[in-house]
Amino acid sequence: MADINNVIIIGSGPAGYTAAIYAARANLKPILVSGFQPGGQLTITTDVENYPGYEDPIQGPWLMEQMQKQAAHVGTEIINSQVTEVFLNEKVKKLNLDNGKTLNAKTVIISTGAQARWLGLENESKFQGHGLSACATCDGFFFKDKEVAVIGGGNSAAEEALFLTKFATKVYLIHRRDKLRAEKILQDRLNENSKIEFIWNSEVTKFKGNDDLESIDLLNKKDNKSSNLKIDGVFIAIGHDPATQLFKGQLMMDDGGYIITDPDSTKTSIDGVFAAGDVKDKIYRQAVTAAGMGCMAALEVEKYLD
C-alpha cells in the first residue's frame, strides 16, 4: 500500500507556502507540489510595496524565494512537478503528477491561484511574445524608448501602465468605459504622469503586423468609429481566471470557476479538501490575504485530522 500523507498542498504562491509553513510546524509533514509557475504571480512582480513588514519596496521573486526556503526549512517536502489528475471524493485523496508518480493523502489544500485573461481575438496567439504580453514586469524592459499600450481599467492595468513609463516613451491606456475601476491613488498617479495618454470607450478589434505586432485596430463604442494605432507593444491587463480546470466536476464552483468555500472558512464542498488564495478569492486578490487564507487552511486541516 502506498504511503498515505497527512496533507498535500497543490500550488506554491503565498497561500501554498504559508499553508506549508503552518502544516509543517504542526508536524503534519506536508508535501507541496509547486506547479508550472513555482511562486505564483508574485514571481512576475517587481516592486512589492504592500506586503507588511518591509519599510522599502521588495522584489516579488525574492519574497517568494524566502517563503519557499522557510517552508522547506520547517519541514515541507517540495516536489517540482504538476498535478495532472485528482480524485478527491474518496476518503483517501489521490493525485497523479506529470512525472508519473501518484500521491495519496488524507487532506488536500488547493492553492493553484489564477492566470492572466486574454482578449480572445483571432490572431492574438500569433503575437504573444512578439509584441503582445500579459506581464509588464516580465517584458517591459524590451520596450525601452518605444510606444506601448495597456488594455484594461482596474488596478492591474493602472500598475502595468505606471511601470511601463520607466521604459517606454509613451503609454496609451485603452479602456472600454469612460472611467477606470482602479483605486484613486493609482488614478492620481496616472493623471500626473505625462507619458500616459487615455483612450476611452474603446476596444481593440484586431492585432496587426507581420512577424511582430505593428499596430492595433480600435473601435470607439460611443461614436462607432474605427481607427488604427501604430504601436510597438501591447500589454493586456483585464483580469484573471482561476486555475481550477483540474477540479471541475468534483468541487462546487461559482460561474467564474472560483472554488466555493464555507463562510469564514477554506472548507470546500468535499470533506478533507480546502482551498486558499486567488483560486477562491475574486475580491481581494492580494498576497497578504492569500497568505492569511493559507494559514486558515493549514489550521483547518490540523483540526480535521484531529
**Report entry** Heavy-atom pair of closest approach, residues A20 and A71
**Finding:** CB-CB, 4.1 Å
**Report entry** Interatomic spacing from OG in S125 to NE2 in H130 - rounded to 0.5 Å
**Finding:** 10.5 Å
Query raised in the report: Do you know which two heavy atoms are closest between A157 and V150, and how far apart they sit?
Result: O-CG1, 3.6 Å
Report summary line: Residue set satisfying salt bridge (Lys or Arg N to Asp or Glu O under 4.0 Å) with K221, at least two apart, ordered chain then number -> E203
**Report entry** Parallel, tilted or perpendicular: ring planes of Y54 versus Y51, cut at 30 and 60 degrees
**Finding:** tilted
Query raised in the report: Taking atom CG of D306 as the centre, does the number of heavy atoms from other residues, nucleotides or ligands within less than 6.0 Å exceed 12?
Result: yes
**Report entry** Which atom of M67 lies closest to which atom of P14, heavy atoms considered
**Finding:** SD-CA, 3.8 Å
**Report entry** No-hydrogen, no-angle side-chain donor-acceptor test under 3.5 Å, D217 and T205
**Finding:** no
Query raised in the report: For the atom pair CD1 (I109) and OG1 (T112), what is the distance rounded to the nearest 0.5 Å?
Result: 12.5 Å
Query - Heavy-atom neighbours of R25 CZ exceed 12 at 6.0 Å - result: no
Query raised in the report: What do the steps show when you test K106 against L305 for side chain to side chain contact (heavy atoms under 4.5 Å, CB included), and what is the final call?
Result: CA-CA 8 Å; K106 297 171 189 171; L305 292 172; 3.8 Å; yes
Query raised in the report: Is the number of heavy atoms from other residues, nucleotides or ligands under 6.0 Å of K179 NZ greater than 12?
Result: no
Requested in this report: Quick one: name the residues clustered hydrophobically with I79, using the 4.5 Å side-chain heavy-atom rule over I, L, V, M, F, W, Y, and just say none if it's on its own.
Outcome: I8, I10, I31, V33, V83, V86, L88, L95, L97, L103, V108, I110, L246, F247, L251, M253, I259, I270, V273, V279
Query raised in the report: Do we see a donor-acceptor contact under 3.5 Å between the side chains of Q68 and S12?
Result: no
Query - Gap between atom CZ of F207 and atom NZ of K126 - 0.5 Å precision - result: 12.5 Å
Report task. Would you indicate whether the side-chain heavy atoms of T261 and M293 approach each other to under 4.5 Å? Result -> no
Query raised in the report: Linking I/L/V/M/F/W/Y whenever their side-chain heavy atoms sit closer than 4.5 Å, directly or via other members, would I236 and L213 fall into one cluster?
Result: yes
Query raised in the report: What's the shortest heavy-atom distance between L180 and Q187, and which atoms?
Result: O-NE2, 3.5 Å
Query raised in the report: Does N220 use its side chain to pair, donor to acceptor, with the backbone of D223 at less than 3.5 Å?
Result: yes
Query raised in the report: Looking at CD of Q250 and CZ of F87, how far apart are the two atoms once the value is rounded to the nearest 0.5 Å?
Result: 7.5 Å
Query raised in the report: With a 4.5 Å heavy-atom cut-off, do V234 and V204 have their side chains touching?
Result: no
Query raised in the report: Under 3.5 Å, side chain of T18 to main-chain N/O of A15, donor-acceptor pair present?
Result: no
Query raised in the report: With a distance cut-off below 6.0 Å to the six-membered ring centre and an angular limit of 45° from the axis, does K170 pair with Y172 as a cation-pi contact?
Result: yes
Query raised in the report: Tell me, do T107 and L28 make a side-chain contact under 4.5 Å, heavy atoms counted?
Result: no
Query - Name of the residue among K144, E147, K195 meeting side-chain contact (heavy atoms from CB on, under 4.5 Å) with T169 - result: E147
Query raised in the report: In the single-linkage hydrophobic clustering (I, L, V, M, F, W, Y; side-chain heavy atoms under 4.5 Å), do V148 and F198 co-cluster?
Result: yes
Report task. Report the distance from atom SG of C295 to atom CD of E300, rounding to the nearest 0.5 Å. Result -> 9.5 Å
Query raised in the report: Roughly how far apart are I196 CD1 and N191 CG, rounded to 0.5 Å?
Result: 8.5 Å
Requested in this report: Determine yes or no for a side-chain-to-main-chain donor-acceptor pair under 3.5 angstrom, with E85 supplying the side chain and N96 the backbone.
Outcome: no
Report summary line: The ring-ring contact (aromatic ring centres under 6.0 Å, His included) partner of F235 among F167, F143, W118 is F143
Report summary line: All heavy atoms of A19 vs all of A298, minimum pair found to be O-CB, 3.4 Å
Requested in this report: Under the side chain to side chain contact (heavy atoms under 4.5 Å, CB included) rule, what do T76 and I21 come out as? Steps first, then yes or no, please.
Outcome: CA-CA 7 Å; T76 304; I21 290 161; 5.8 Å; no
Report task. Treating Ile, Leu, Val, Met, Phe, Trp and Tyr as nodes and any side-chain heavy-atom pair under 4.5 angstrom as an edge, say whether W62 and M64 lie in one connected cluster. Result -> yes
Report task. Flag the pair Q286 / N50 as yes when at least one side-chain heavy-atom distance between them is below 4.5 Å, and no otherwise. Result -> yes
Query - Matching residue for K69 among H73, E65, Q66 - test: side chain to side chain donor-acceptor pair (under 3.5 Å) - result: E65
Query raised in the report: Which pair of non-hydrogen atoms, one from K93 and one from E90, has the smallest distance, and what is that distance?
Result: NZ-O, 2.8 Å
Report task. Check whether M296 and Y258 end up in the same hydrophobic cluster, where Ile, Leu, Val, Met, Phe, Trp and Tyr are linked by side-chain heavy atoms less than 4.5 Å apart. Result -> no
Query raised in the report: Counting distance only, does the side-chain N/O of N5 pair as donor-acceptor with the main-chain N or O of N104 below 3.5 Å?
Result: yes
Query raised in the report: Just by modelled atom types, is the W200 backbone N or O under 3.5 Å from a matching donor or acceptor in the S202 side chain?
Result: yes
**Report entry** I9-F274 co-clustered via ILVMFWY side chain contacts under 4.5 Å
**Finding:** yes
Query raised in the report: Does a donor on one side chain sit under 3.5 Å from an acceptor on the other, for D98 and S81?
Result: yes
Query raised in the report: Do N123 and K206 come within less than 4.5 Å of each other through their side chains, counting heavy atoms only?
Result: yes
Report task. Answer yes or no: is there a donor N or O on one side and an acceptor on the other, between the side chain of S111 and the main chain of G277, under 3.5 Å? Result -> no
Query raised in the report: Quick check: are there more than 12 heavy atoms from other residues, nucleotides or ligands sitting under 6.0 Å from NZ of K267?
Result: no
